Each structure stands twice: as C-alpha cells, then as structure tokens.
Amino acid sequence: MTDKEKEKLLNAFEIPDPDRKKQFAYEFRKRTPEKVRKPLFPIIIKTVASAAMLALVIGAITRLPKHEPDMYRNTDSVAVTTDITSSSVSSQTTEENSAAVTTTADKKGVKKTTSVTQTVSTNAAKTDEKKTVTTEAENNNENNEPDQPERTTRAHTTKPHTSRTTASHDIPHHTSTSTKPAPQQLTTVTTDTPGISGAKEENGDNDMTVELDVTYNIRSEILTVKDLVPGSDNGVGDGNDGISPVGAPVEQMIKQLYNDSYDVILAKVDKIVYTSIDGEPYTAENLTVDEVFKGSLNNNDKITLFVSGGYMSAEDYIRHHKFIFLPDAESYSIFDDGGCRGKEYVGDTYLFFIKETESSEFPSGSYELVTPGDTAIFRQSGDSYVSMHDDWLSLDISSLY
Amino acid sequence: MAFDIDEQYDKIYRYCYLKTKHKETAEDITQETFLRYLEHPQYSNIDKTLQLLYTIAGNLCRDEFRKQKTDELTDTEASSDNVEENVLSDLELKTALTKLSEDDRELILLRYINEVPVNVMAKLYNISRFALNRRINRVLGQLHEYMGKEELI
C-alpha cells in the first residue's frame, strides 16, 4: 500500500489528533530508559554454551600430546583436513597448482547431508581440461523432500602441501578417475572452463534452497479446515488480497506488486513439499531462476519459496488448534488453501513477485510472496501472464524489462 | 525500548479511538496502556511488544465500555454519530468505511494504518494467519463493492 493510499484511508477514518502526546512521550521516556530487561532464557543458554565451549577447548588443549618443535626439520608441511569436492593438479606441469575446496557453511538449524559425485577426465595432451562435477543431494524422503542445500560460499584455492588429509562426504555413485587429475572448476553442472575459478557463483548456480524440519505426505483421507471448524471460511479470498483497499487499476496493482518485491523472477518449479510453519500449512517450492527482472538473484540460482496453504497431518494441526477434536487424527491430512486459488506444478515456469521471509519462524534465506495467497504468482496465458488468483490481473512480461 | 513511543502512541490512540469514539477517553486509555506496559516484563522482540500493547489497550477499552454501559454510553454514541455525520462526505471511501461493521473497520485500521504484522493480529484475534487473511480479503471485497470498484484519486 502506498503512502498516499494510507493517508487517504487514515483521513477516511477521521480520527482527531491526540492533544497530550508530546507531554506523555516526554514523561514516558524519562521512566523507561534502563528498564528494558532482556529475556532470561537466551542468556542462560548462551552462558551454558560458552562454558561448554571453554571446557571443550581446555580439555582439548590439556589432552594434546606435547610436541617440541624441531628447529632443523622442515615445518612447511601442514596437515590440512578438508572436505574436498574437487581436486586439481595440472597434468602438464610438475608443480601441483591448487585444490579447489568447498566450504559448506553450516547455518544454525540447517542440516546438510550431501553426496558429491565427481567425474574427472583429463586429456594429457591438452592443457585445457574438461571436467565435470555434479553435486547430488541426498533425499531422505523419496516423495517430496526438497533437495538438500549445499551452500557454497567460496572456493578457496590452496597450494597442496606435502602431507594432506582429505575426506569427502559420501562415496560417489559413479566416478571415473584418471591417472592425471586436471584442474577443476567447482560447479554443480558440467563445465568446460579450464583453470580454477573456484567460486560457484560465477556461473550463477547458487543453491540457496533450505532444509525443512517437517514435511508431510498427503494421506488418503483429507479434511479441509471448514470440515474441522464449521463456519470457518475455507474459501479463497475475494477482492484484491490486500494489494489496495482503496481500489486501483490493473497497471497500478502490477506496479505496486513490483515495488513491494525484493525480487521479480521467472522461475521453474523443481520440487514441491508440504510443510508447516507455526502450526499452519505451507507449501515449500524449490525454484530455479530462469530470468531476473528485479533484485539480486541471478539466473540458475535455486531458492525455496514458501506459499501459504497446503497439507499437513491432522494430529499436528490439532496440536496447534486445541479447540478441535478429531478422533483417529492420524488417518487424516488437513488441507488449507491459505488464500490460494491456483496450483503450481513441478517442471512449469511461473512469474513470481517475492521477498525474503521476514518472520523468524521461516528458515533463514527463504522467500515468500509479497502478498498473501497466490496473487503474486503469474502463469503464462498466451502472450501474457495472468495471476494465479485473479484472472483479470494480467501483465505483458515485456513491461517488466 | 523495543518501540518508538511517538509512533506507537499514535497507533494505539487510533485503535482506542475507534473503539471508544471519544477523544479524551481514547487518550486516557492510550496513556494507561503504556503505563501498564511498563509494569510487565519488556520484550526485545517487537512483535511480542505490539501484541502486549494491543492486548492491554483492548482490555482497557472493554473495561471502559462496560463502565459506560449506562446513560453515558448513549451520550458517547450520539457524539460518535455526530462525528460520523461530520465525517461523511462525497468521498466514496469514507462512505464505504461507515458501511463496514466496527470489527471490520478495526481490522482495516490495524492492518493498513497501524501496520500491525499479520502474525501479531492473528494472535490478538486468536485465529490462524490464513483465517485472518481470508477475513481481511472479505472486508476488502466488501469495501470494493461499496465503493463500486472506482478508483479514488
């Protein structure tokens, strides 16, 4: 909603201005400066965690065997433990040039299990080496678990030392090894680029999908929220879904969608998973960006978008809605449309108006639509794109350029 | 302090005025809200802070309403009618707003003028976010209908 519309709405309420605000605010500030108390529980947790870390470090130090440095030995060799997803040694040179190392950043609350498949091929006769690195995610749930994220932040190139200990995550399913490994570039797709570039982001293949703590399969018995709570409205929303309460033409609404978005992208749906956030069903869609009209995302970036509505297990729903009684809840899935009218399909491409999730209940780094429901998802219809929620809301994609 | 008193004073005051329809009473309740807020453990999280403020304000408005249930209420209502009559004008938005129920107007005020986050509003109304969004959509639909879907400039 624009400031102008907000002002218009406020004027429409005709609320008189308060008289005593300034005086009260002054008095209030005098009373409050030191009174803010931080919540206790996080402080306790932080203290305990710090103490545990300290104990660990002290224990590690005291248990380490004492090593007296030998001044006459070569101390240049350093044992390096890395998780190497690709190694590189030039086949043409005697000098080992570098190793590309992927560091996977461990975010709080995000678990990563990643298997890496490497295919390395070299041609001794050529300086340019062709290499293939494919990263596959390990799926615990066959049906609908999104791809496990491998957040590659930066590939560090380091000169290999005389002694090195390496470890990889999992045994690749298929690996062709050569006697002379070639310089590799760390990517998730096949690349012919010679040398070591390192950073995966250079090709725009930035996998920012998030892992979900809970996912649901759809059970054979489905109940809607209306079935559970008679009188509650399970129908899709009417009107503009919060875009503009004061009424606006289509062009203005599209413009507002654009302005409110952090990113406007054309993206393909890779995977759809049903999950819940704070006891409410959400659909997590893993997207691959095809085209960017606004924002900092790049082509081929992979993100997770949370769309309101979906399926969740009845027992989980009831746990968060204690006024509902449902015997044999384990047999049911609960469906809530979340204000959505349409349905996205895996493999199809849509236009999304999105922003990064603001609430801490969502996984960090995930995205959500700029409006409730699916008004901000557009499907192609002929030469134009039409909102999933309202057929009359359409746009010509060339207008976004 | 997790909030700006200048900003939140206006918002809480508007909320109280909508409920009480009396300027002085609304301001009294607003100030009482902030004073009572100081008696509670204060949160660094803004959502929880807002939830606490609006809960206190809502309870105080309810208490005030019960207190004024006798003849005073009639006077209050009459004065509010006068205010509303003064409010009415050619503008379709104002007319459409008056046609909404009090609860629906409160919803619009909280969501679009006070910009209370949806999750906070859902907790205040004790309904799910989706249910709240559906309700807001329904109210917006009604508003559009009353305005005849014409753009206001």
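Not measured: the values here are computed from a predicted model.
In this structure, NE2 in A/H389 is found 6.5 Å from CG in B/N137, a value given to the nearest 0.5 Å. We find the CD1-CD1 distance between B/I113 and A/I15 to be 6.0 Å, quoted to the nearest 0.5 Å.
Note on B/K23 versus A/D17: no salt bridge recorded, every NZ/NE/NH1/NH2 to OD/OE distance being 4.0 Å or above. Salt bridge A/K6/B/E115: present, at least one basic N to carboxylate O contact under 4.0 Å.
In this structure, B/D6 and A/R29 have side chains that are in contact, with non-hydrogen atoms separated by less than 4.5 Å.
The aromatic ring centres of A/Y282 and B/F130 sit less than 6.0 Å apart.
Highest contact tally toward chain A, considering only B/R129, B/R111, B/R14, B/R135, is held by B/R129 [criterion: heavy-atom pairs under 4.5 Å]. Ranked by heavy-atom pairs under 4.5 Å with chain A, the first of B/N119, B/T30, B/L35 is B/L35.
Below 30°, between 30° and 60°, or above 60°: for A/F24 and B/Y9 the angle between ring planes is between 30° and 60°, a tilted geometry.
Contact of A/E361 with chain B is made through the side chain alone, with heavy-atom distances under 4.5 Å. Contacts between B/L109 and chain A at a heavy-atom distance below 4.5 Å involve backbone atoms as well as side-chain atoms. Contact annotation for B/F34: both backbone and side-chain heavy atoms come within less than 4.5 Å of a heavy atom of chain A.
Taking each heavy atom of A/R20 and B/E24 in turn, the nearest pair found is NH2-O, 3.3 Å.
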*Verdict with supporting geometry, A/D336 and B/R134, salt bridge (Lys or Arg N to Asp or Glu O under 4.0 Å)*: CA-CA 11 Å; A/D336 191 330; B/R134 280 192 285 269; 2.9 Å; yes

